Amino acid sequence: MQERYEPAAVEAEAQQYWDRNRCFEAGEDSTRKKYYCLSMFPYPSGRLHMGHVRNYTIGDVLSRFMRMQGRNVLQPMGWDAFGLPAENAAMDNGVPPAKWTFDNISYMKAQLKSLGFALDWSRELTTCRPEYYRWNQWLFLRMLEKGIAYQKTGVVNWDPADKTVLANEQVIDGRGWRTGALVEKREIPMYYLKITAYAEDLLDALNQMPGWPDRVRAMQANWIGKSVGVRLGFPYDIDGLSGVLHAFTTRLDTLMGVTFCAVAAEHPLATHAALGNGKLAAFIEECKRGPAIESELATQEKKGMPTGLVVRHPISGEAVPVWVGNYVLMSYGEGAVMGVPAHDERDFEFAKKYHLSIKPVIDVAGREYSLHAWAPWYAEHGRCINSGAYDGLEFQAAVETIAADLSRKGLGEKQTTWRLRDWGISRQRYWGCPIPVIHCGVCGTVPVPDEQLPVVLPVDLVPDGSGNPLLKNEAFLAVTCPKCGGKGRRETDTMDTFVDSSWYFLRFACPDNDKAMLDSRVGYWAPVDQYIGGIEHAILHLLYARFWTRFMRELGMVAFKEPFAHLFTQGMVLKEAFLRKPETGRVEYFSPADVEVTLDPTAQRRIAVLRSDGQEVESGGVVTMSKSKKNGVDPQALVDEFGADTARLFTMFAAPPEQTLEWSDEGVQGASRFIKRLWKAVHDHVKQGAPAALDKAALSEEQRTIRRQAHQTLAKITDDIGRRRTFNTAIAAAMELLNALAKASHGSRQNSPQDGSVMQEALEIVVLGLSPIIPHVTHVLWHALGHRTALIDEPWMPVDSAALQTASIPMVVQVNGKLRAHITVAVGADEGTVRAAALADPHVQKFLGAGEIRKVIIVPGKLVNIVV
RNA sequence: GCCCUCGUGGCGGAAUCGGUAGACGCAACGGACUUAAAAUCCGUUGAGCGUAAGCUCAUCCCGGUUCGAGUCCGGGCGAGGGCACCA
């Protein structure tokens, strides 16, 4: 065995072994229990970042551990390869998005390989390949057939200069990011998927998903946003036109406090009223344009205008004026609200501004309304007052009684409203999966027949920023109508890239099937046992995948509703950022590599200085790694300098995996140091020749202690990786054991043959126990320790419970809950003996003093508490 | 505003079911080796008092439950995240 640890050589050796022997290619085997471990696949942006390294290391640790536990492990990898950045890169460099994407994939694949992840590359899939996305198209056609996909006009951001549609993130301060032109809202026909049909089930099932973090389930529930209330009607008779204005409310108990109704600018009644009213029409136009940024919606000033129309209160029959309000959303409920200024903050603000009357109808614990200013308690539940027949009723009773009265009049019924909207999937973009429909002048919109799939996206186009290049591509556009055989035109919209990721986890079971989207192999592997990814996907991706799986289940393609049994959301990777804020102009960031940080002991503060000019820089705090803040750490540089094992060890050790991880260059050094020490420990041991066989009966007290410690460590590592998923504490335990071994070997090492065999076993425990985390160095060390079998093919080591046995155990003694003494008692000693031993301790005696012993609590094997 | 998570040494963090607070690592300091530095190895390291044995205080703050609270309950303060005119 070589004395020096050389990561490059070690890692090449281990990786070549795994590759040559196809260790990680998974096959279906009904006799073995499967474990499908999946990390969210990356977008091929160019290079891996630390977030990827952390994500994939977590998945890799679990995969390797489960494999050694005897499970048939599948850990695949693919590429979420459609998307906007490829088009932007294409515009910048004049290269087709396909070329840019595939170049990135090949670079990043090499990076993933250099990190030694136990991936089954034979199942690699890429969503921008027709073999994959044809099944997006196929399933979309099934959705059309079932009415789950449908067409509707939708609003998009339109850049009038580039004549192109912009994604929300391309709109900055209401202007196009490239052109700076004021963005307009345009209504165009788009395809939607009816995810709302599954809202109830998607919400209910969250309660039966113990393998998901509470936080993610809460976020999804929030997003789905169920509210139970009443849809009520205000009848009207206007210009001979009679009808009912519908509104949704969760506060029917406040119905008698209605002093106005407000409708959205897009509401039909508003449109009607604007016919002969130029001022109103202008106001409606202004509202429709609205603020460009969503966050401004919530804070913009409430504005309104009377329509001049009047509806009747459904109970009292009183006249209620109808206003157009900019705070009413057409997309939620009925696009109209009943205005109860006394009990709703928004209505209050609106009523104040336009001098509408305010009528309190709820008594909250006898408190007095001032009506000059809003107080949060105005919206609390209470008892009805000023409400005629309903006076005195509590919230629940009031809602029931009023609802019953409305129902009798045909003016109200209970209704559930959802925040969740249908999923608009049309993107007026080139680099995505084509939506498989054809427009025919005669037949209208015609779905592409299955046998004509896939609709292949041309890969050689270079977008120039002036709209979707497909619109100018005759070869793509020209098509005959499948229905009438006449001249047709292909749809040029492509699908949202979230479609691609909504089912890729199932395709990994059968990536080579060119006859069907899924096959029976899915029944073996799916659902995913452990899914790992960033919290940023807590809502959209995970919700879409759950929806998609439900639809596939209805088609009989899968047998389950929930695609991911266990979900693990890893924390982000942070690092300190350094900056200067000039008097004028923008904040300038500096790479931490160019900054020297020193500690000034007198001033008790850290001083950061830019190396190039020697001047001080400010700390921007510990924040997410990003290009703009220049605080990213390149995984490749790290692997090149320290090796993949050090990178993996540090990311697993510095913090528990679900928490944020603060990057520290010194911490990386520490991880590297540990691996070197482990290498040296094995080297020093091996140098002394093969140890004797372990004779458990012939061990000295000291040797038994080391063995006990080793097996305790093994038990802890097994539990920490397998159950608790706290890889940081598993590593700490291994470090502790190695420290103890170093200490032990200082003195009596190799005096007896059994010293060598105890050391051998303990080192095997450290090496095997850490192998899921640092697989390369342990692969080599395992052989060095004399094993023929490759470590990856070894079964996980069982804990020798006999080694854990001791004759006596230490216990602590407290007096009145304060630690006062340590005693040692025989294992299995009865309470009387333990009590006597505790009381006999001189130190305990001192604290007992003259006091009377009121109680003695004994926690077996741990502690004695004497209450005086 | 609503919902969720979290507050522990100089720093990252540990303490798993209410039972020894600070494991492990980093940094710092002292020492060994070295012509020197790096690397490596050994030691010290929550605060205060004490020559020492040891004692007292200490897990954001205030209160409660308990023999015993970092951990459970109530109230506050602070940080982070999600949703947000959702009627």
Side-chain angles (χ1 to χ4, degrees), chain A residues 213-223 225-227 229 247-251 254 262 294-295 297-302 325-329 331-340 344-347 349-350 376 379 417-420 535-536 538-539 572 574 599 601 604 606 622 649-650 653-656 658-671 673-674 676-677 680 716 719-720 723-724 726 728-736 738-739 742-743 746 810-822 843 846 854-857 859 862-868:
Chain A
D214 291 347
R215 156 170 88 137
V216 175
R217 293 188 300 170
M219 281 161 78
Q220 290 214 348
N222 222 324
W223 183 263
K226 180 179 184 174
S227 44
F248 175 77
T249 182
T250 55
R251 288 300 302 273
T254 64
E294 286 242 337
S295 61
L297 268 171
T299 50
Q300 76 173 337
E301 195 191 348
K302 294 198 175 20
N326 67 344
Y327 70 102
V328 184
L329 305 173
S331 51
Y332 186 79
E334 302 292 331
V337 299
M338 64 180 210
V340 187
D344 182 282
E345 189 173 359
R346 296 153 302 178
D347 296 345
E349 203 184 307
F350 193 76
T417 305
W418 305 88
R419 210 197 74 98
L420 182 69
I535 187 72
E536 66 273 20
I539 297 173
M572 293 188 295
L574 315 180
L599 203 68
Q604 282 289 298
R606 294 160 73 243
V622 179
L649 183 66
F650 175 72
F653 178 61
E658 75 278 4
Q659 276 178 39
T660 54
L661 182 155
E662 197 179 313
W663 197 265
S664 137
D665 296 328
E666 295 79 15
V668 174
Q669 294 278 356
R673 203 144 48 212
F674 170 75
K676 283 183 203 156
R677 277 177 50 221
K680 187 171 182 302
K716 177 155 176 65
D719 189 49
D720 283 354
R723 180 181 63 91
R724 296 177 66 211
T726 52
N728 55 327
T729 53
I731 295 164
M735 288 174 165
E736 235 177 309
L738 193 70
N739 289 345
K743 228 164 226 166
H746 265 300
M811 287 181 77
V812 294
V813 185
Q814 299 179 333
V815 178
N816 288 337
K818 283 191 172 158
L819 176 67
R820 295 302 180 192
H822 297 264
H843 214 75
K846 194 172 106 192
R854 294 219 334 257
K855 202 170 175 184
V856 177
I857 290 130
V859 183
K862 269 204 172 137
L863 139 161
V864 182
N865 189 14
I866 302 163
V867 187
V868 191

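Note that the coordinates shown come from a computational prediction; the quantities given were computed from them, not determined experimentally. No hydrogens, no waters, no symmetry mates; every other heavy atom, side chains included, goes into these values.
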Separation of [N] [atom2] from [X] [atom1] (nearest whole Å):
{"X": "A:Asn739", "N": "B:C41", "atom1": "CG", "atom2": "P", "value": "10 Å"}
{"X": "A:Phe653", "N": "B:G12", "atom1": "CZ", "atom2": "C1'", "value": "9 Å"}
{"X": "A:Gln659", "N": "B:G7", "atom1": "CD", "atom2": "C1'", "value": "11 Å"}
{"X": "A:Asp720", "N": "B:G13", "atom1": "CG", "atom2": "C1'", "value": "14 Å"}
{"X": "A:Arg723", "N": "B:U16", "atom1": "CZ", "atom2": "P", "value": "10 Å"}
{"X": "A:Ile731", "N": "B:C26", "atom1": "CD1", "atom2": "P", "value": "13 Å"}
{"X": "A:Lys818", "N": "B:G68", "atom1": "NZ", "atom2": "C1'", "value": "12 Å"}
{"X": "A:Lys846", "N": "B:G54", "atom1": "NZ", "atom2": "P", "value": "8 Å"}

Base partner of [N], which must satisfy Watson-Crick or wobble distances under 3.5 Å:
{"N": "B:A38", "answer": "none"}
{"N": "B:U5", "answer": "B:A79"}
{"N": "B:U51", "answer": "none"}
{"N": "B:A14", "answer": "none"}
{"N": "B:U66", "answer": "none"}
{"N": "B:G46", "answer": "B:C57"}
{"N": "B:U71", "answer": "none"}
{"N": "B:G22", "answer": "none"}

Say you draw a straight line from CZ of A:Arg673 to CD of A:Glu666; how long is it, rounded to the nearest 0.5 Å?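 Between A:Arg673 CZ and A:Glu666 CD, I get 9.5 Å after rounding to 0.5 Å.
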
Can you tell me how far the CD1 atom of A:Ile535 sits from the CE atom of A:Met572, to the nearest 0.5 Å?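 If I round to the nearest 0.5 Å, the distance is 9.5 Å.
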
Nucleotide of [options] approaching [X] most closely (side-chain heavy atoms):
{"X": "A:Ala655", "options": "B:A87, B:C67, B:G13", "result": "B:G13"}
{"X": "A:Leu819", "options": "B:U20, B:A84, B:G13", "result": "B:U20"}
{"X": "A:Glu666", "options": "B:U20, B:A87, B:A27", "result": "B:A27"}
{"X": "A:Asn326", "options": "B:C85, B:G25, B:A14", "result": "B:C85"}
{"X": "A:Arg346", "options": "B:G13, B:C85, B:G19", "result": "B:C85"}
{"X": "A:Trp223", "options": "B:C67, B:A84, B:G54", "result": "B:A84"}
{"X": "A:Lys716", "options": "B:C83, B:C57, B:U16", "result": "B:U16"}
{"X": "A:Phe248", "options": "B:A87, B:G68, B:C4", "result": "B:A87"}
{"X": "A:Leu863", "options": "B:U16, B:C3, B:U20", "result": "B:U20"}
{"X": "A:Glu662", "options": "B:G12, B:G54, B:U20", "result": "B:G12"}

[atom1] atom, [N] versus [M]: distance in rounded Å?
{"N": "B:G22", "M": "B:G9", "atom1": "P", "result": "14 Å"}
{"N": "B:C55", "M": "B:G43", "atom1": "P", "result": "26 Å"}
{"N": "B:G1", "M": "B:G48", "atom1": "P", "result": "42 Å"}
{"N": "B:U45", "M": "B:A53", "atom1": "P", "result": "12 Å"}
{"N": "B:U5", "M": "B:A58", "atom1": "P", "result": "29 Å"}
{"N": "B:C61", "M": "B:A69", "atom1": "C1'", "result": "16 Å"}
{"N": "B:C67", "M": "B:G78", "atom1": "C1'", "result": "34 Å"}
{"N": "B:C26", "M": "B:A32", "atom1": "P", "result": "22 Å"}

Under the criterion side chain to side chain contact (heavy atoms under 4.5 Å, CB included), I'd like the reasoning laid out for A:Gln814 against A:Ile857: C-alpha separation, chi angles, the key distance, then a yes or no. CA-CA 10 Å; A:Gln814 299 179 333; A:Ile857 290 130; over 6 Å; no

Counting any heavy atom closer than 4.0 Å, what does [X] reach on the DNA or RNA strands: base, sugar-phosphate only, or nothing?
{"X": "A:Gly333", "value": "nothing"}
{"X": "A:Ser331", "value": "nothing"}
{"X": "A:Asp214", "value": "nothing"}

Atom NZ of A:Lys226: over 12 foreign heavy atoms under 6.0 Å: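 Enclosed.
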
Looking at the base of B:U40, is there any donor atom on it, or on the side chain of A:Arg673, that sits under 3.5 Å from an acceptor on the other one? no

With no angle test and no hydrogens, is the base of B:C83 tied to the side chain of A:Asn222 by a donor-acceptor pair under 3.5 Å? no

Step by step, work out the salt bridge (charged side-chain N to carboxylate O under 4.0 Å, His left out) result for A:Arg217 and A:Asp214. CA-CA 5 Å; A:Arg217 293 188 300 170; A:Asp214 291 347; 2.5 Å; yes

Just checking, is any N or O donor in the side chain of A:Asn739 or A:Arg677 under 3.5 Å from an acceptor N or O on the other one?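 There is such a pair (donor and acceptor under 3.5 Å, judged by atom type) between the side chains of A:Asn739 and A:Arg677.
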
Hey, are the side chains of A:Glu349 and A:Tyr327 touching, using non-hydrogen atoms and a 4.5 Å cut-off? no

